[in-house]
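Please read these numbers as outputs of a predicted model, since none were measured by experiment. Residue numbering restarts at 1 for every chain, and letters A, B, ... go by the order of the sequence lines.
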2 protein chains.
Amino acid sequence: MDGPSDHDDFADRLQRHGVTLTHQRLEIAAVLFRTMEHLSADQILARVNARNAQVSKATVYNTLKLFLEKGLLREVIVDPDRVFYDPNVAPHHHLYDVTTGHLTDIPAEAITLARLPQLPDGMVVEGVDIVIRTRPLNPP
Amino acid sequence: MDGPSDHDDFADRLQRHGVTLTHQRLEIAAVLFRTMEHLSADQILARVNARNAQVSKATVYNTLKLFLEKGLLREVIVDPDRVFYDPNVAPHHHLYDVTTGHLTDIPAEAITLARLPQLPDGMVVEGVDIVIRTRPLNPP
DNA sequence: ATGCAATATTAGACATGATCCAAATGCGCG
DNA sequence: CGCGCATTTGGATCATGTCTAATATTGCAT
Ligand SMILES: [Mn+2]
Ligand SMILES: [Mn+2]
Ligand SMILES: [Zn+2]
Ligand SMILES: [Zn+2]
């Protein structure tokens with residue numbers, strides 16, 4: 001499941017993005033890229049320290065910021081209380097289960113916008129975020 | 001500009017939504033509904049106390065929560081650090097200037113999405129939030 | 001009007017996510 | 001080995017937002 005090849009893939013990935021390798025960064029990368037889930041900083045900290053060793057909160061935040069800068073991650077802002085970190089950097093959108101807080105990817109091609117609105121002058125689109133909030137169909 | 005008719009309009013609006021009137025609630029409603037801007041709790045607190053009297057932080061949060069429950073407002077989650085309160089409760093989407101943090105409404109009709117993705121079984125759409133992140137076209 | 005119970009407001013304590021800091025550690029290389 | 005620089009770290013600090021328990025106001029019956 002967790003062979004040396006996985007580990008090397010993560011190492012390559014970090015290096016290709018200009019991130020110098022450290023033990024902690026590899027641990028964090030493993031947590032994020034092995035399951036490709038959307039996780040909060042707290043969840044990442046817990047998982048990293050559950051599997052292996054002691055990585056500090058400060059290092060988790062430092063590393064997430066670094067990974068963001070290097071384009072290894074993106075943020076998803078859907079919950080007012082915490083940021084989710086998304087290991088999928090391909091353009092895509094999200095289903096957000098408001099009861100569980102769980103995020104699911106929607107491929108960009110699965111949604112087509114017709115008639116993008118006209119932008120104010122001199123403004124350019126940096127990105128489009130679509131969140132479809134869902135909940136279980138109410139049982140009485 | 002700020003005649004008694006405005007004030008009465010706000011009062012009517014609150015009462016039609018089942019909100020019992022208080023001086024503080026009317027002040028907060030005036031700040032929100034007079035300019036229809038997207039404001040954070042902090043900004044609302046500052047504006048309320050700039051124009052008139054002393055309304056406490058607790059009351060601002062209490063009132064915003066009440067207005068949300070009563071359908072007078074909605075939240076907009078685009079900034080990891082603070083919630084914006086939106087006095088426009090009609091279905092619509094947003095332009096988000098990432099450099100200034102300023103939000104602008106896009107009428108729901110201005111965007112059409114084709115091919116909504118298929119939802120997991122027993123799940124129903126609660127809402128769709130579209131945020132178009134923009135920035136000034138600026139070569140430094 | 002007066003009294004009374006329910007509702008609303010408030011100051012300040014508290015919770016939480018996230019950032020900052022200054023010290024300690026680790027690493028690459030001469 | 002030892003030096004210089006990047007990285008890590010605990011703990012302090014900050015910012016939004018919530019809670020509490022006391023006070024003030026309101027609506028209403030008498
Ligand atoms: Mn925050
Ligand atoms: Mn918060
Ligand atoms: Zn995603
Ligand atoms: Zn809006």
Q: Using a 4.0 Å heavy-atom cut-off across all strands, classify B:S40 as base, sugar-phosphate, or nothing.
A: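 It contacts nothing in the nucleic acid.
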
Q: Taking the side chain as every heavy atom from C-beta outward, state whether A:V128 and A:I130 have any pair of such atoms under 4.5 Å apart.
A: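 They are in side-chain contact.
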
Which nucleotide wins on minimum distance to the side chain of [X], given the candidates [options]?
| X | options | answer |
| --- | --- | --- |
| A:Q24 | C:dA13, C:dT9, D:dT8 | D:dT8 |
| A:K57 | C:dA8, C:dT10, D:dA12 | D:dA12 |
| A:A58 | C:dC20, C:dT9, D:dT7 | C:dC20 |
| B:T59 | D:dT7, C:dT10, D:dT9 | C:dT10 |

Q. What string of B, S and - do you get for nucleotides 24-30 of chain C, 5' to 3', if B is base contact, S is sugar-phosphate-only contact and - is no contact with any protein heavy atom under 4.0 Å?
A. -------

Q.
Strictly below 4.0 Å, N to O, side chains only: are A:R82 and A:E75 in salt-bridge contact?
A. no

Q. Ion pair present between B:D129 and A:R133, side-chain N to carboxylate O less than 4.0 angstrom?
A.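 Yes, B:D129 and A:R133 are salt-bridged.
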
Q: Taking atom types as modelled, find out whether A:S40 and A:D42 have a side-chain donor-acceptor pair closer than 3.5 angstrom.
A: no

Q. Are B:H92 and B:D86 close enough that a side-chain donor and a side-chain acceptor fall under 3.5 Å?
A. yes

Atom-to-atom span, [atom1] of [X] to [atom2] of [N] - whole angstrom:
| X | N | atom1 | atom2 | result |
| --- | --- | --- | --- | --- |
| B:E27 | C:dT9 | CD | P | 12 Å |
| A:L21 | D:dT8 | CG | C1' | 16 Å |
| A:D81 | C:dA18 | CG | P | 9 Å |
| B:Q54 | C:dA11 | CD | P | 8 Å |
| A:D79 | C:dT16 | CG | P | 14 Å |
| B:H23 | C:dT7 | NE2 | C1' | 17 Å |

(Q) Under the rule for side-chain hydrogen bond (donor to acceptor under 3.5 Å, both in side chains), what residues qualify as partners of A:T59, not counting sequence neighbours? (A) A:S56

Q. Under the side-chain hydrogen bond (donor to acceptor under 3.5 Å, both in side chains) test, which residues partner A:H93, sequence neighbours left out?
A. none

**Q.** Given DNA chain D, 5'-ward residue of the pair B:R82 and A:R25, judged by closest heavy atom
**A.**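 So the residue in question is A:R25.
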
Q | Which atom of A:T35 lies closest to which atom of A:V31, heavy atoms considered | A |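 A:T35 and A:V31 have their closest heavy atoms at OG1-O, 3.9 Å.
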
Q: Would you check if the distance from the ring center of A:H38 to the ring center of A:H102 is below 6.0 Å?
A: no

Q) Are the side chain of B:R25 and the backbone of B:T20 linked by a donor-acceptor contact shorter than 3.5 Å? A) yes

(Q) Counting only side-chain nitrogens and oxygens, does B:T22 get under 4.0 Å of the OP1 or OP2 atom of C:dT9? (A)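 Yes, B:T22 has a side-chain N/O under 4.0 Å of OP1/OP2 on C:dT9.
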
Q. Between B:T20 and C:dT7, does any side-chain N or O lie under 4.0 Å from OP1 or OP2?
A.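 No, no such contact exists.
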
Q | Secondary structure of DNA chain C in dot-bracket form (Watson-Crick or G-U wobble, distances below 3.5 Å, | marking inter-strand pairs) | A | ||||||||||||||||||||||||||||||

Q. Can you list, by residue number, the residues of residues 60-78 of chain B that have a non-hydrogen atom closer than 4.0 angstrom to DNA chain C?
A. B:N62

Q. Relative to A:F33, does A:R13 satisfy both conditions: NZ or CZ under 6.0 angstrom from the six-membered ring centre, and within 45 degrees of the ring's axis?
A. yes

Output side-chain donor-acceptor pairs under 3.5 Å for residues 64-71 of chain A, partner residues at least two apart or in another chain, one line each.
none

